[in-house]
Amino acid sequence: MRVLAAALLLSLTSPAMIHGQPAATQPFDVVIINGHIIDGTGSPWYSGQIGIRAGHIEAIGNLESDPRKQSTTKIIDAAGKVVAPGFIDMLGQSESTILVDPRLPSKIYQGITTEVTGEGNSAAPLNATMIAADRAGYDHLKIDPDWTTLRQYFARIERQGMGINLASYVGETSVRRMVLGDADIQPTPAQLDQMRALVRQAMQDGAVGVSTSLQYAPAPYAKTPELIAMAAEAGKYGGIYATHMRSEGDAVLESIDEAVRIGKEGHLPVEIWHLKAAGKSNWGRMPQIVARINAARAAGIDVSANTYAYTAWFNTFSAFIPPWAHDGGDAKLIERLKDPAQRARIRKEMLDPKGDWDNEWQEIPGPEAIQIAVVQNPELVPLQGKRLSEVAAMWKEDPIDALCDILIKDKAFTNVAVFGMDEPDVVLALKQPWVSVDNDSQGTAPDGLLGTEHPHPRAYGTFPRILRKYVREEHALTLEDTIRKFTALPAQRMRFTDRGVLKQGMWADVVIFDPQTIRDLATFEKPNQLSEGMAYVLVNGVPVIADGKMTSALPGKVVLGPGYSAQ
């Protein structure tokens, strides 16, 4: 019945019928002419004109004699440029910053029109205890969360307006914190039922699946059976299991096996976020990683991955601290860092190459491979952009002591860029046919509150950088396949059946750019620089970039998951 009702609704609201009149009598809102259409499927470009009406692609082809084109007032001449579907960011992190600057300039100047977010932690579910524990982050962005569910959060961002479309997973960490807090404990059967209920509610609210980020406390405390239970609930609603795996370093193959098991036993597809071979001891292991995933796929497991294609990752500085020290949350972590005996234990475990945890200290060449990126404490702002080795020298401290003292002074808020990957591994991952692209950074802006931060350059440059470096300069990828990785492939994985390709009836998320000039400008030294080359970016048929300039329009929509219930 739901399918029939949805089909009837689509027939009443599709571009074939506008205000009760046949669409053929209505002028297009926009017509794009003279471009090379790369439709997202991986096929070669073709010539044609695209007519857009009421947010959808209404016609593609030779529209010269079409009366709807004759009366169209907005004609975009794309001569010498590519016309492609808007890019889909498979992990975007903008759930908070979209409330600060809903235009999200760093995203749209890359051609991103849809973002998927919710890495382990999601905007909801929320309760008062979680809000209090995370107050430093909310205060940093001057946000007062007035929602507790994903449904309420989605209503909030749509009410204020959005520069791009946004979809979200429900984070297993968020679900765990709602029931168990930040403690290193296991759920009772009754508590596990409470967690299942929270996942069910989130899927009905519109989540696209359930996600984990198993490196960051309290997520490592969750055992595999717990994760399978949460994934199975999402799977019942057609959702996906997405994961920042338990290890991306020494235990990466075992972590892939765990993700595959969760997908198999939870009966749902698996998406591995930001695939990598992390740490100097693992450089050169990407062929093994690819082989392990290919073997799972050959065995019938629907598993795929994405990458941002830089050799440095970006995460919370506190991830360098062993998981046991996070038990009870950031306040308890800081207490332990201040205690000489506990700090000595932390140091000993960080220096032990044989530990049983994902030890990032053992994965880097040295403290010079860590760049301080974003801090909350105003006194620490001068450290943004500096390497940990520089800070240690300034403070006349051992680098591990400097790391611990930064966490204490910044209430464990600090984010860092970590140079821990090898370029050949990055390229091999990017080339895989089942690998799409993620920004893995929140939407930001070079000015205002967000412009005071020092993000990873991927926040501004991921998609144009791939087009510049790996397509135009190094010829590691073809343009058509790269567009597929940006559009149809992620849409297929996320079950976005009305986005991701240029086809009649689809939402008109469209980018227009010159493949010979598009480029990223953001660097690790100067990251707050918008990419160049997007002549037009349309979100749901409305230009958010026109003639290379931001329009400040907010036409984005929440993209709801398959389990959504209107209630």
Side-chain angles (χ1 to χ4, degrees), residues 87-95 107 110 112 115-122 168-169 171-173 209 211-216 219 240-253 255-256 258-260 269-279 282-283 285-286 288-290 292-293 303-316 319 358 360 363-364 369 373 415-432 434-443 455-463 465-466 470 485-486 489-490 493-494 524:
F87 303 158
I88 298 174
D89 182 354
M90 286 292 274
L91 178 57
Q93 316 278 21
S94 298
E95 57 265 39
K107 299 278 181 176
Q110 294 184 64
I112 295 168
E115 171 186 312
V116 186
T117 191
E119 186 189 6
N121 285 290
S122 47
S168 181
Y169 291 92
E172 205 275 343
T173 300
S211 69
T212 57
S213 189
L214 296 171
Q215 185 178 353
Y216 308 116
I240 297 163
Y241 172 66
T243 182
H244 174 140
M245 296 187 298
R246 209 173 288 273
S247 173
E248 298 171 322
D250 293 348
V252 64
L253 298 182
S255 294
I256 292 171
E258 181 188 39
V260 167
V270 176
E271 180 73 9
I272 297 174
W273 276 321
H274 42 63
L275 189 68
K276 63 175 69 73
N282 295 298
W283 291 355
R285 293 189 70 191
M286 187 55 68
Q288 298 176 40
I289 293 169
V290 168
R292 188 63 62 98
I293 294 173
V303 54
S304 59
N306 52 67
T307 178
Y308 45 78
Y310 285 81
T311 56
W313 63 81
F314 189 85
N315 62 5
T316 57
D358 196 36
E360 288 196 37
E363 293 177 350
I364 60 173
N415 289 299
V416 293
V418 183
F419 295 82
M421 288 177 277
D422 195 33
E423 179 69 11
D425 288 329
V426 170
V427 176
L428 183 59
L430 181 61
K431 285 183 174 181
Q432 299 312 304
W434 34 262
V435 168
S436 56
V437 174
D438 71 285
N439 218 51
D440 198 15
S441 288
Q442 61 191 24
H456 192 300
R458 69 190 183 194
Y460 288 88
T462 300
F463 288 78
R465 181 176 182 268
I466 290 172
Y470 297 109
K485 287 175 173 291
F486 290 179
L489 179 61
R493 163 50 81 220
M494 299 308 305
F524 284 98

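Computed from a predicted model, the values in this text were never measured in an experiment.
Counted by atom type alone, Tyr460 and Ser441 present zero donor-acceptor pairs between their side chains at under 3.5 Å. Asn306 and Ser436 share no donor-acceptor pair across their side chains, judged by distance under 3.5 Å alone. Side chain to side chain, Thr173 and Asn121 fail the donor-acceptor criterion of an N or O pair below 3.5 Å. Between the side chains of Ser255 and Arg246, no donor-acceptor pair is found at a separation under 3.5 Å. Side-chain contact, Glu248 with Asn282: no donor N or O sits under 3.5 Å from an acceptor N or O. Side-chain contact of Glu95 with Thr117: a donor-acceptor pair under 3.5 Å is present, judged by distance alone.
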Please step through side-chain hydrogen bond (donor to acceptor under 3.5 Å, both in side chains) for the pair Glu115 and Gln93, ending with a clear verdict.
CA-CA 8 Å; Glu115 171 186 312; Gln93 316 278 21; over 6 Å; no

Side chain to side chain contact (heavy atoms under 4.5 Å, CB included), that's the test. Do Leu428 and Gln432 meet it? Break it down for me.
CA-CA 7 Å; Leu428 183 59; Gln432 299 312 304; 3.5 Å; yes

How far apart are the C-alpha atoms of Tyr310 and Arg465, what are their side-chain angles, what is the distance that settles it, and do they pass the side chain to side chain contact (heavy atoms under 4.5 Å, CB included) test?
CA-CA 9 Å; Tyr310 285 81; Arg465 181 176 182 268; 3.2 Å; yes

Test side chain to side chain contact (heavy atoms under 4.5 Å, CB included) applied to Met494 and Ile240, step by step:
CA-CA 8 Å; Met494 299 308 305; Ile240 297 163; 3.9 Å; yes

Carefully, step by step, assess Val416 and Asn315 under the rule side chain to side chain contact (heavy atoms under 4.5 Å, CB included).
CA-CA 6 Å; Val416 293; Asn315 62 5; 3.7 Å; yes

Verify side-chain hydrogen bond (donor to acceptor under 3.5 Å, both in side chains) between Glu423 and Thr311, making sure each step is shown before the conclusion.
CA-CA 6 Å; Glu423 179 69 11; Thr311 56; 5.3 Å; no

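Legend: residues meeting salt bridge (charged side-chain N to carboxylate O under 4.0 Å, His left out) with Glu172, ordered by chain and number and at least two apart, are absent.
Between Ser211 and Gly120, the shortest heavy-atom distance links the atoms OG-N, 2.9 Å. Contact detail for Ala429 and Leu275: the closest heavy-atom pair is CB-CD2, 4.4 Å. In terms of heavy atoms, Arg493 sits closest to Pro269 at NH1-CB, 3.2 Å. When all heavy atoms are compared, the tightest approach of Ala312 to Phe524 is CB-CZ, 3.7 Å. Closest of all the heavy-atom pairs between Ala259 and Val270 is O-CG2, 3.5 Å. Scanning both residues, Gln110 and Ala459, for their nearest heavy atoms gives NE2-O, 3.0 Å.
Between Val437 and Thr462, some side-chain heavy-atom pair lies under the 4.5 Å cut-off. Within the 4.5 Å cutoff, the side chain of Ile364 has no heavy atoms near those of the Phe419 side chain. Looking at heavy atoms from C-beta onward, Met286 lies out of side-chain contact with Asp422 at the 4.5 angstrom threshold. Between Leu214 and Glu258 there is a side-chain heavy-atom pair separated by less than 4.5 Å. The closest side-chain heavy-atom distance from Asn439 to Ile112 is below 4.5 Å. Looking only at side-chain heavy atoms (C-beta outward), Trp434 and Leu489 stay at 4.5 Å or farther from each other. Within the 4.5 Å cutoff, side-chain heavy atoms of Ile272 are placed close to those of Met245. In this structure the side chain of Thr212 never reaches within 4.5 angstrom of the side chain of His244, judged on heavy atoms.
In this structure a side-chain-to-backbone donor-acceptor pair under 3.5 Å is present from Asp438 to Thr307. Between the side chain of Trp283 and the backbone N or O of Gly420 there is at least one donor-acceptor pair closer than 3.5 Å. Distance alone, capped at 3.5 Å, places no donor-acceptor pair between the Glu119 side chain and the Ser213 backbone. Lys485 places a side-chain N or O within donor-acceptor distance of the main-chain N or O of Leu430, the cut-off being under 3.5 Å. Here the side chain of Glu363 pairs no donor or acceptor atom with the backbone of Asp250 at under 3.5 angstrom. Checking side-chain atoms of Arg458 against main-chain N and O of Asp440 turns up a donor-acceptor pair under 3.5 Å.
A distance of 7.0 Å separates CH2 in Trp313 from NZ in Lys276, rounded to the nearest 0.5 Å. Summarising the geometry, atom CG belonging to Leu253 is positioned 5.5 Å from atom CD belonging to Gln288; distances are rounded to the nearest 0.5 Å. In this structure, OH in Tyr169 is found 12.0 Å from OG in Ser122, a value given to the nearest 0.5 Å.
Aromatic ring orientation, Phe463 versus Phe87: parallel (interplanar angle below 30°, classes split at 30° and 60°).
When ring centroids are compared, Tyr308 and Phe314 stay outside the 6.0 Å threshold.
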